[in-house]
Amino acid sequence: MAEVLVYVDHVDGAVRKPTLELLTLARRIGEPVAVVLGAGADATAAVLAEHGAVKVLTADAPEFTEYLVVPKVDALQAAYDAVSPVAVLVPSSAEGKEIAARLAVRIGSGIITDAIDLEAGDEGPVATQSAFAASFTTKSRVSKGTPVITVKPNSAPVEAAPAAGAVEALAVTFGALATGTKVTARTPRESTGRPELTEAAIVVSGGRGVNGAENFGIIEALADSLGAAVGASRAAVDAGWYPHTNQVGQTGKSVSPQLYIASGISGAIQHRAGMQTSKTIVAINKDAEAPIFDLVDYGVVGDLFAVVPQLTDEIKARKG
């Protein structure tokens with residue numbers, strides 16, 4: 001059976017959820033071969049094997065942490081040359097899309113970004129994408145070379161499918177450009193204890209209707225009761241009420257959770273572009289004519305300052 005390269009996103013050996021989703025999709029079109037780069041690579045093998053990786057290619061070198069992107073592209077190209085896969089799958093993060101684009105140029109192949117589904121086709125893998133702020137769904141395939149595809153988080157379930165997971169060292173030769181951009185400092189992100197926004201199964205977002213940074217506490221309380229991530233609209237971020245890292249929308253982050261709760265968000269196209277592929281959407285807004293209600297599965301017309309705390313209390317009561 002043909003092999004599919006899967007680029008592994010991990011932190012010191014802890015595999016992140018989008019990679020496990022990629023393994024699910026990879027099994028639809030071939031046998032997953034995982035590529036793990038950097039410190040802790042060997043520690044990923046058991047988890048990757050449990051989720052379907054028939055082989056785990058590992059490489060560690062200081063270049064992966066001391067320089068940006070290019071060393072990882074060098075390594076992924078080495079894996080491509082060694083395996084000759086039918087496709088290369090990469091998580092659809094900012095770094096992942098740059099890695100994918102650079103690889104596609106090097107190997108002379110087409111690229112598809114932000115896929116939300118993947119299936120086998122007679123002429124190669126077929127990817128599903130959302131277009132025009134998710135107003136349309138398209139199916140595409142690469143017409144030249146080996147497809148390089150980035151996949152949005154929460155696009156597929158994480159499914160256990162035990163496989164061999166044989167670990168092999170990957171020989172990597174770094175090119176002249178690998179050391180072109182050096183990392184001079186790193187600042188750890190402060191942990192909130194909440195899920196990563198783009199990976200969360202539930203996201204609770206607040207917008208202009210929250211009416212101030214001091215009021216985002218009720219959004220956070222609802223999120224915490226659900227074990228959810230907290231998002232914000234561009235209006236709330238531009239007003240300085242919440243950090244830009246939590247912005248959902250065309251100029252922020254794209255999310256596709258199982259449940260998205262929008263509180264005090266009108267539903268402008270810019271925001272919809274970042275969350276419209278959510279599986280179930282709930283909106284709370286006092287304006288019955290707000291555009292967000294054209295999109296939702298469930299809508300509550302009411303004052304969020306009355307509705308959200310009641311919802312939080314009810315969730316806590318049912319859980320308690």
Side-chain angles (χ1 to χ4, degrees), residues 9 15-25 91-94 96-97 113-118 128-130 133-135 137 150-159 189 191-207 210 216 218-234 236-237 242-285 292-300 304 307-308 311-312 315 319:
D9 184 7
V15 180
R16 300 181 68 177
K17 181 170 170 278
T19 294
L20 303 181
E21 297 169 5
L22 288 188
L23 292 172
T24 298
L25 293 173
S92 218
S93 62
K97 283 189 274 193
T113 59
D114 290 334
I116 59 172
D117 200 4
L118 191 63
T128 301
Q129 296 166 285
S130 291
S135 298
T137 298
T150 74
V151 181
K152 293 180 69 172
N154 291 312
S155 294
V158 174
E159 298 175 349
R189 181 186 302 170
S191 175
T192 63
R194 301 186 183 100
E196 167 64 30
L197 181 59
T198 57
E199 300 176 18
I202 304 174
V203 174
V204 180
S205 288
V210 177
F216 252 87
I218 65 172
I219 303 298
E220 292 176 331
L222 176 57
D224 291 343
S225 71
L226 291 166
V230 175
S233 70
R234 179 174 176 174
V237 169
Y242 222 69
H244 180 267
T245 53
N246 294 74
Q247 182 182 329
V248 174
Q250 195 165 23
T251 56
K253 293 181 177 178
S254 293
V255 299
S256 187
Q258 296 297 315
L259 172 63
Y260 188 86
I261 302 177
S263 300
I265 296 175
S266 64
I269 190 68
Q270 192 276 343
H271 185 76
R272 292 166 64 140
M275 46 67 71
Q276 200 161 359
T277 56
S278 302
K279 308 305 182 290
T280 301
I281 301 172
V282 177
I284 302 167
N285 200 301
I292 192 73
F293 286 121
D294 295 333
L295 177 68
V296 302
D297 298 285
Y298 302 97
V300 179
L304 71 87
V307 175
V308 173
L311 180 56
T312 303
I315 292 169
K319 293 175 71 174

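Counting from 1, the numbers follow the sequence of the chain as shown.
Of the charged side-chain nitrogens involved, at least one lies within less than 4.0 Å of a carboxylate oxygen, so that K97 and D114 count as a salt-bridged pair.
For N246 against L197, the heavy-atom pair with the smallest separation is O-CD2, 3.6 Å. Of all the heavy atoms in P157 and T24, the pair that sits closest is O-OG1, 2.8 Å. Shortest non-hydrogen contact noted between A223 and A229 is CB-O, 4.1 Å. Shortest non-hydrogen contact noted between S256 and P153 is CB-O, 3.8 Å. The shortest non-hydrogen separation linking A200 to P195 is CB-CB, 3.8 Å. Residue S278 comes nearest to I281 through the heavy atom pair CB-CG1, 3.8 Å, listed as atom of the first residue, atom of the second, then distance.
Inter-residue side-chain proximity for L295 and R272 is flagged as met; some heavy-atom pair is nearer than 4.5 Å. Residues T198 and S93 have side chains not in contact (no heavy-atom distance under 4.5 Å, counting atoms from C-beta outward). Looking at heavy atoms from C-beta onward, L22 lies in side-chain contact with P91 at the 4.5 angstrom threshold. Side-chain contact between V282 and L259 is present, with at least one heavy-atom pair separated by less than 4.5 Å. Between L118 and V151 the shortest side-chain heavy-atom distance does not fall below 4.5 Å. In this structure the side chain of E220 reaches within 4.5 angstrom of the side chain of R194, judged on heavy atoms. Counting heavy atoms from C-beta on, the side chains of S254 and K152 come closer than 4.5 Å.
How far CD1 of I261 is from CD1 of I202: 7.0 Å, rounded to the nearest 0.5 Å. For the atom pair CD1 (I116) and OG (S92), the distance works out to 11.5 Å, reported to the nearest 0.5 Å. A distance of 13.5 Å separates CE in M275 from CD in Q250, rounded to the nearest 0.5 Å. L304 contributes atom CG, which lies 10.0 Å from atom CD1 of I265 (distance to the nearest 0.5 angstrom). Note: I315 CD1 to D224 CG = 11.0 Å, rounded to the nearest 0.5 Å.
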Test side chain to side chain contact (heavy atoms under 4.5 Å, CB included) on N154 and T277 and set out the steps. CA-CA 10 Å; N154 291 312; T277 56; over 6 Å; no
List the steps, then state whether side chain to side chain contact (heavy atoms under 4.5 Å, CB included) holds for R16 with E196. CA-CA 10 Å; R16 300 181 68 177; E196 167 64 30; 3.6 Å; yes
Starting from the C-alpha separation in whole Å, work towards a yes-or-no answer on side chain to side chain contact (heavy atoms under 4.5 Å, CB included) for V248 and H271. CA-CA 6 Å; V248 174; H271 185 76; 3.8 Å; yes
I'd like to know whether D117 forms a side chain to side chain contact (heavy atoms under 4.5 Å, CB included) with L25, so could you lay out the CA-CA distance, the side-chain angles of the two residues, the decisive distance to 0.1 Å, and finally the verdict. CA-CA 8 Å; D117 200 4; L25 293 173; 3.9 Å; yes
Any chance you could lay out the side chain to side chain donor-acceptor pair (under 3.5 Å) test for S155 and E21, step after step, and finish with the verdict? CA-CA 7 Å; S155 294; E21 297 169 5; 5.6 Å; no
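The side-chain contact (heavy atoms from CB on, under 4.5 Å) test with V308 is passed by exactly one of V204, V300, I284: I284.
Scanning for ring-ring contact (aromatic ring centres under 6.0 Å, His included) contacts around F293 gives an empty result, with sequence neighbours left out.
The backbone N or O of T312 lies less than 3.5 Å from no partner atom in the side chain of S225, so there is not a single donor-acceptor pair. The backbone N or O of D9 sits less than 3.5 Å from a side-chain atom of T19, completing a donor-acceptor pair. Side chain of K253 to backbone of G231: no donor-acceptor contact under 3.5 angstrom is found.
Between F216 and Y242, the ring planes lie parallel to each other; the angle is under 30°, not in the 30° to 60° tilted range.
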